*Asks:* 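Here it is, the structure in full.
Numbering starts at 1 and runs along the sequence shown. This one's a predicted model, so the numbers in the text were calculated from it and none came from an experiment.
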Amino acid sequence: FGFQFTQTGGTFNHNGGTAIFDSIHPAFSMAIGAAVPGQRAIFNNVIFNPLDGSIAFSGATVFQVNGSLQIVNGSLQGGNGLDARGDVTIGTSSDGGNMPITFSGSANQAFTNNGGLNTTGIWTVNKPSGTVTGSTDMLLAANQTLNITSGTLYLADGSDLTVGPINVAAQGRLINDSSATITLGGNVANLGN
């Protein structure tokens with residue numbers, strides 16, 4: 001079984017709605033991409049829920065989600081990254097994948113993991129303003145890079161962070177003012193706070 005969503009030109013009109021990518025078939029695969037290198041696939045709210053399947057993104061496409069992003073099930077593979085501009089929720093059946101994730105936009109965002117696997121690509125906080133709040137533990141791989149380019153990553157009370165190297169740029173902030181534990185698998189490069 002398989003499904004492909006390809007934007008060959010123009011603009012996809014999300015109309016403020018929710019796009020749900022799911023399947024009830026095991027080993028179902030989806031391919032999402034754009035025919036034009038560097039083009040963005042822009043959605044409002046997105047739910048990924050392929051039953052034990054994977055979603056492959058083309059190498060040049062940035063998948064931008066302006067509203068809420070829910071990764072309920074399956075794995076996200078390849079691509080040039082998810083650009084999350086709203087709340088991000090990882091479901092209990094998420095299988096991870098190697099997709100990079102960037103938290104961006106000026107709105108405050110919440111990250112919640114309900115027990116599934118996070119993706120293993122580079123995670124980046126790059127916000128002109130606003131805060132990403134880790135509402136639950138943010139457990140990345142021991143060699144996985146976290147870049148805080150601009151904006152704030154705030155670890156809420158008891159929200160542990162496990163990560164490889166952390167790079168905090170001059171406009172970046174990592175805040176932990178509670179009982180959260182930070183476990184590092186790499187070095188910290190701090191030009192910010």
*Asks:* Show the nearest heavy-atom pair for residues G105 and P128, with the distance to one decimal.
*Replies:*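 Taking G105 first and P128 second, the nearest heavy atoms are O-CD, 3.6 Å.
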*Asks:* Roughly how far apart are D87 CG and T133 OG1, rounded to 0.5 Å?
*Replies:*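 Answer for the CG-OG1 pair, D87 versus T133, is 9.0 Å.
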*Asks:* List for me each residue that meets side-chain hydrogen bond (donor to acceptor under 3.5 Å, both in side chains) alongside N187, sequence neighbours excluded, and say none if there are none.
*Replies:*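 None.
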*Asks:* What distance separates Q70 CD from T18 OG1, expressed to the nearest 0.5 Å?
*Replies:*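 With rounding to 0.5 Å, CD (Q70) is 8.0 Å from OG1 (T18).
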*Asks:* Sequence neighbours excluded, which residues qualify as side-chain hydrogen bond (donor to acceptor under 3.5 Å, both in side chains) partners of T119?
*Replies:*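 With sequence neighbours excluded, T119 shows a side-chain hydrogen bond (donor to acceptor under 3.5 Å, both in side chains) to W123, given in chain and number order.
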*Asks:* Do L69 and L82 touch side chain to side chain, with heavy atoms closer than 4.5 Å?
*Replies:*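 Yes - at least one pair of side-chain heavy atoms lies under 4.5 Å apart.
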*Asks:* Please determine whether side chain to side chain contact (heavy atoms under 4.5 Å, CB included) holds for the pair T124 and T149, giving the CA-CA distance in whole Å, both sets of side-chain angles, and the decisive distance to 0.1 Å.
*Replies:* CA-CA 7 Å; T124 302; T149 307; 3.7 Å; yes
*Asks:* Over all heavy atoms of both residues, which pair between V168 and R173 is shortest? Give the atoms and the distance, please.
*Replies:*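 Reported closest heavy-atom pair: CG1-N, 4.2 Å.
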*Asks:* Under the criterion side chain to side chain contact (heavy atoms under 4.5 Å, CB included), I'd like the reasoning laid out for V46 against F63: C-alpha separation, chi angles, the key distance, then a yes or no.
*Replies:* CA-CA 10 Å; V46 172; F63 195 92; 3.9 Å; yes
*Asks:* Regarding S104 and D83, is there a side-chain donor-to-acceptor distance under 3.5 Å anywhere?
*Replies:*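 Note: S104 and D83 side chains meet the donor-acceptor criterion.
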*Asks:* So which atom in N126 and which in S150 form the shortest heavy-atom distance, rounded to 0.1 Å?
*Replies:*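 Scanning both residues completely, I find the closest heavy atoms to be OD1-OG, 2.9 Å.
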*Asks:* So, applying side-chain contact (heavy atoms from CB on, under 4.5 Å) with S94, which one of N113, I71, N49 is it?
*Replies:*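 When N113, I71, N49 are each tested with S94, the side-chain contact (heavy atoms from CB on, under 4.5 Å) holds only for I71.
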*Asks:* For the pair N66 and H14, evaluate side chain to side chain contact (heavy atoms under 4.5 Å, CB included) and give the outcome as yes or no after the intermediate values.
*Replies:* CA-CA 10 Å; N66 292 336; H14 58 66; 4.0 Å; yes
*Asks:* Once rounded to the nearest 0.5 Å, what's the spacing between atom CD1 of I90 and atom OG1 of T136?
*Replies:*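 One finds 9.0 Å between CD1 of I90 and OG1 of T136.
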*Asks:* Enumerate the residue pairs fulfilling side-chain hydrogen bond (donor to acceptor under 3.5 Å, both in side chains) with a member in residues 156-168, sequence neighbours excluded, ordered by first and then second residue.
*Replies:*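 As it turns out, the side-chain hydrogen bond (donor to acceptor under 3.5 Å, both in side chains) pairs with a partner in residues 156-168, which skip direct neighbours, are N147-N167, D157-S179.
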*Asks:* If you apply the rule side chain to side chain contact (heavy atoms under 4.5 Å, CB included), what do you find for D95 with N73, and how did you get there?
*Replies:* CA-CA 6 Å; D95 297 319; N73 201 350; 3.9 Å; yes
